[in-house]
Amino acid sequence: MKYGDVQKELKKYSSKKRKKNNEWYFKTGPGDYGYGDVFIGLAMPDIRNVSKKFQSLTLVEIEKLLSSKIHEERMCALIILSYQFEKSDEKIQKKIYSFYLENTKYINNWDLVDVTVNRIVGAYLWKNKAASRKILYKFARSKNMWERRIAIIATSYFIYQNDFSDTLKISKILLRDKEDLLHKAVGWMLREVGKRDQKIEESFLKKNYKKIPRTTLRYAIEKFSKAKRKTYLKGNINKTVV
């Protein structure tokens, strides 16, 4: 199998209508976060189907696919990686994990991060207790906004294991981030913490309330009761509301 075969297969499912919709949805206009990204117009289920068909693609060919200027081809490469990671032994998983971190310049939109980072980076760091999580803190302070998103979204795997420490620490680092996409990501992860332990989430929100961007707060309290959401939005955070 060659990366060119994957490209041909992906094109079979492309459409002009979907291409236009994707260009709008992923903000490819001048000044937007996705400016310059190229789409051919595929739906995610079709990308997944193609990825499954080519999941035995070699790492060399995956790298060629991942370096493509076409968004859906990069997504396909990353999904193939995640499939391979799940089915591999520890040695290969380490190789895939390292490959992912070495190629973050191609993981340059929120969907590329969100669909794959917890399944590779998060999963690897959780399963390998000896592996350092310092890379997440390095990324959290990166000038690259997508690496900052990688840092926080990777912790979703830890959250699913009821391990919230890194999520809270990295969230605190990112509270002053200027990017709205990071505000949303942090709020999302805090909400996931709250689904499992609302007391821990509320403790974080109360301690850091004055620093929390409005968007982050709205995302974080989305699952709270209507009355409790109102108290947070009004700043009455010490008021006892169920």
Side-chain angles (χ1 to χ4, degrees), residues 2-4 6-7 10 19 22-23 25-40 42 44 47-48 50-51 54-55 57-85 88 92-125 131-157 166 170 173-174 177-186 188-189:
K2 301 292 185 181
Y3 82 100
V6 185
Q7 291 176 313
L10 287 170
K19 170 181 165 64
N22 285 353
E23 288 172 343
Y25 188 70
F26 291 101
K27 310 299 182 187
T28 60
D32 289 332
Y33 63 79
Y35 178 61
D37 208 350
V38 178
F39 288 83
I40 58 174
L42 277 88
M44 182 58 77
I47 298 175
R48 289 191 183 280
V50 174
S51 300
F54 290 92
Q55 59 185 293
L57 203 66
T58 66
L59 207 56
V60 171
E61 297 300 311
I62 291 174
E63 186 172 12
K64 294 175 184 177
L65 195 64
L66 183 58
S67 62
S68 169
K69 66 179 181 179
I70 296 172
H71 185 102
E72 292 97 336
E73 291 181 6
R74 300 198 303 280
M75 175 63 85
C76 187
L78 292 168
I79 293 175
I80 290 172
L81 276 178
S82 68
Y83 287 153
Q84 291 186 358
F85 183 92
S88 299
I92 299 300
Q93 286 185 341
K94 183 178 181 179
K95 190 173 183 179
I96 292 171
Y97 164 78
S98 297
F99 175 87
Y100 191 100
L101 296 181
E102 290 165 2
N103 287 279
T104 55
K105 63 182 177 181
Y106 303 120
I107 308 172
N108 56 357
N109 214 316
W110 61 264
D111 62 320
L112 301 175
V113 175
D114 296 1
V115 171
T116 61
V117 70
N118 67 327
R119 297 173 65 183
I120 296 176
V121 178
Y124 181 82
L125 292 175
S132 174
R133 297 184 183 183
K134 288 182 180 180
I135 185 64
L136 300 182
Y137 293 85
K138 178 183 178 181
F139 278 10
R141 295 180 172 88
S142 171
K143 292 181 180 180
N144 182 321
M145 68 178 288
W146 305 119
E147 289 188 344
R148 299 200 299 276
R149 191 170 178 107
I150 283 172
I152 186 63
I153 302 300
T155 70
S156 63
Y157 196 94
D166 292 293
I170 292 172
I173 292 171
L174 295 174
D177 203 287
K178 296 180 180 180
E179 298 291 344
D180 187 59
L181 282 173
L182 269 298
H183 298 170
K184 292 176 180 178
V186 171
W188 172 23
M189 291 300 100

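Every pair tested for side-chain hydrogen bond (donor to acceptor under 3.5 Å, both in side chains) that includes a residue from residues 75-84 fails, sequence neighbours excluded, so the list is empty.
Distance alone, capped at 3.5 Å, is enough to place a donor-acceptor pair between the Glu61 side chain and the Tyr3 backbone. A distance-only check finds a donor-acceptor pair linking the side chain of Thr116 to the backbone of Leu112 [under 3.5 Å]. With Lys19 contributing its side chain and Phe39 its backbone, the two residues share a donor-acceptor pair below 3.5 Å. Looking only at distances, no side-chain donor or acceptor of Ser98 sits under 3.5 Å from a matching main-chain atom of Lys95. For the pair Asp32 (side chain) and Tyr35 (backbone), a donor-acceptor distance under 3.5 Å is absent. A donor-acceptor pair under 3.5 Å is absent between the side-chain atoms of Glu73 and the main chain of Leu66, judged by distance alone.
Just one of Asp177, Asp180, Asp114 meets the salt bridge (charged side-chain N to carboxylate O under 4.0 Å, His left out) condition when paired with Arg149; it is Asp114.
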Worked verdict on Val115 versus Arg48 for side-chain contact (heavy atoms from CB on, under 4.5 Å): CA-CA 11 Å; Val115 171; Arg48 289 191 183 280; 3.6 Å; yes

Step-by-step side-chain hydrogen bond (donor to acceptor under 3.5 Å, both in side chains) determination, His71 to Asp111: CA-CA 10 Å; His71 185 102; Asp111 62 320; 2.7 Å; yes

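Using a 4.0 Å cut-off between charged side-chain N and carboxylate O, Arg74 and Asp37 make a salt bridge.
Using a 4.5 Å heavy-atom cutoff, the side chains of Lys184 and Trp188 are not in contact. By the 4.5 Å heavy-atom criterion applied to side chains, Ile70 and Gln7 are not counted as neighbours. A 4.5 Å side-chain heavy-atom check between Glu147 and Val113 finds every atom pair outside the cut-off. Using a 4.5 Å heavy-atom threshold, the side chains of Tyr100 and Ile107 count as touching. Using a 4.5 Å heavy-atom threshold, the side chains of Ile62 and Phe99 count as touching.
For Leu181 against Met145, the heavy-atom pair with the smallest separation is CD1-CE, 3.8 Å. When all heavy atoms of Gln93 and Ser88 are compared, the closest pair comes out as NE2-O, 3.4 Å. A pairwise comparison of heavy atoms in Tyr33 and Phe26 identifies CE1-O, 3.5 Å as the closest pair. What you find for Leu136 and Ala154 is that their closest heavy atoms are CD2-CB, 3.9 Å. Shortest non-hydrogen contact noted between Thr155 and Ala151 is CG2-O, 3.4 Å. Scanning both residues, Arg148 and Lys143, for their nearest heavy atoms gives NH1-O, 3.3 Å.
Within 6.0 Å of atom NZ in Lys94, 12 or fewer heavy atoms from other residues, nucleotides or ligands are found, so the atom counts as exposed in its surroundings.
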